[in-house]
Participant: 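Take a look at this one; I'll ask things after.
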Amino acid sequence: VRIVTITVLFVALALLAVAGACGLLFARHTAHAAAAFLACAAALAGLYGLLDLRFAAAVQAALGVGLSGALLVTSLPRGEQSSPVRRVVRYGAAAVPLLVIILLAMARGRVSESALSLPPVWASRGSYLFALGQQMASSFLAPVLLICLLLAVSVLSIRVLLRSEAKPPPDRGEQ
Amino acid sequence: MITPLHYLALSATLFALGLLVAAARRERLVALLGLELALQAANLAVAALTSHYQDWEGRFMLLTLIAISALELAGGLAAAVRIAARRSRDRL
């Protein structure tokens with residue numbers, strides 16, 4: 001049962017990823033491309049979950065799906081043509097892949113609790129996340145700190161980039 | 001039965017599609033998304049091999065790659081906001 005379930009999930013997520021990539025290739029508008037990329041990111045998060053890389057799946061779901069969703073919302077047209085109803089429909093469509101991933105994770109957790117006796121998901125002693133945290137704080141402490149530093153510098157750079165755009169140039173012609 | 005070869009085949013397909021998007025599309029943001037897709041396809045290959053060999057270093061490399069690709073996407077988001085702000089300012 002488990003092999004069939006994993007095979008079906010793999011095929012479904014692979015089809016979703018390839019469909020998203022094809023949608024990215026043929027999308028006419030940036031918002032459509034962002035929605036296609038959102039589907040790809042969600043499918044990849046599901047595939048990480050299938051590989052039992054739960055922390056990577058959570059990071060991919062939080063960062064990849066979240067950021068591509070933000071990109072989708074940002075690139076939506078803001079003219080008079082987009083009514084509030086259409087905006088709600090578009091935001092809902094953007095949230096569908098994320099909901100699929102959450103439902104898949106919930107279903108997998110339920111199956112693992114009942115029939116398959118897989119290890120627990122969250123950080124009890126001896127679990128995957130517990131071992132990952134131990135490794136992060138011991139063997140891989142220096143690279144983890146270096147990555148955190150690089151991430152902080154990058155986030156600050158993006159913040160400075162956005163702030164410099166938000167400031168209007170001084171208008172001296174009127175004076 | 002799903003083997004790492006299936007993941008590698010899917011990763012190669014997504015990588016090729018990502019490069020195709022980056023080469024074929026003129027919009028800079030969509031081209032950036034294509035490059036991002038190619039990078040995430042490479043991440044999938046790393047994840048498949050890491051999970052197969054149960055390697056801790058590969059898992060950390062995967063987390064690093066995911067963080068870097070997310071930062072690239074954040075940079076693309078910042079570029080999109082900047083372009084949108086410039087367009088709206090030009091209209092005014």
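Below, chain A is the first sequence line, B the second, and so on; all start at residue 1.
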Participant: What distance separates B/Asn43 CG from A/Tyr48 OH, expressed to the nearest 0.5 Å?
Facilitator: 4.5 Å

Participant: Determine the option with the most heavy-atom pairs under 4.5 angstrom with chain B, choosing from A/Val11, A/Thr7, A/Leu25.
Facilitator: A/Leu25

Participant: Can you say whether A/Leu44 sits under 4.5 Å from chain B via the side chain, the backbone, both, or neither, judging by heavy atoms?
Facilitator: side chain

Participant: Just wondering, do B/Val30 and A/Phe37 contact through their side chains at under 4.5 Å, heavy atoms?
Facilitator: no

Participant: How about A/Leu51 and B/Thr50: do any of their side-chain heavy atoms sit closer than 4.5 Å?
Facilitator: no

Participant: Could you give the distance from CZ (A/Arg28) to CD (B/Glu27), rounded to the nearest 0.5 Å?
Facilitator: 12.0 Å

Participant: Check B/Leu14 against A/Ala21 and note the closest heavy-atom contact, atom names and distance.
Facilitator: CD2-CB, 4.0 Å

Participant: Please state whether the side chain, the backbone, both or neither of B/Leu62 comes within less than 4.5 Å of a heavy atom of chain A.
Facilitator: side chain

Participant: Would you say A/Leu47 and B/Leu10 make side-chain contact, with heavy atoms under 4.5 Å?
Facilitator: yes

Participant: Is it the case that one hydrophobic cluster holds both B/Val46 and B/Ile2, taking links as side-chain heavy atoms less than 4.5 Å apart, direct or via other members?
Facilitator: yes

Participant: Checking B/Leu44 against chain A: side chain, backbone, both or neither under 4.5 Å from a heavy atom?
Facilitator: both

Participant: Are B/Leu20 and A/Leu24 connected, step by step, through hydrophobic side chains (Ile, Leu, Val, Met, Phe, Trp, Tyr) whose heavy atoms are closer than 4.5 Å?
Facilitator: yes

Participant: Closest heavy-atom contact between B/Leu17 and A/Cys22?
Facilitator: CD1-SG, 4.3 Å

Participant: Same cluster for B/Met61 and B/Ile66 if Ile/Leu/Val/Met/Phe/Trp/Tyr side chains link at under 4.5 Å?
Facilitator: yes

Participant: Taking all non-hydrogen atoms of both residues into account, name the closest pair between B/Leu37 and A/Cys40 and its distance.
Facilitator: CD1-SG, 3.7 Å

Participant: Is there a path of hydrophobic side-chain contacts, each under 4.5 Å between heavy atoms of I/L/V/M/F/W/Y residues, joining A/Phe10 to B/Leu8?
Facilitator: no

Participant: Give, as side chain, backbone, both or neither, the part of A/Ala27 having an atom under 4.5 angstrom from any heavy atom of chain B.
Facilitator: both

Participant: Under 4.5 Å from any heavy atom of chain A, what part of B/His6 do you find: side chain, backbone, both or neither?
Facilitator: both

Participant: Any side-chain heavy atom of A/Leu50 within less than 4.5 Å of one from B/Tyr7?
Facilitator: yes

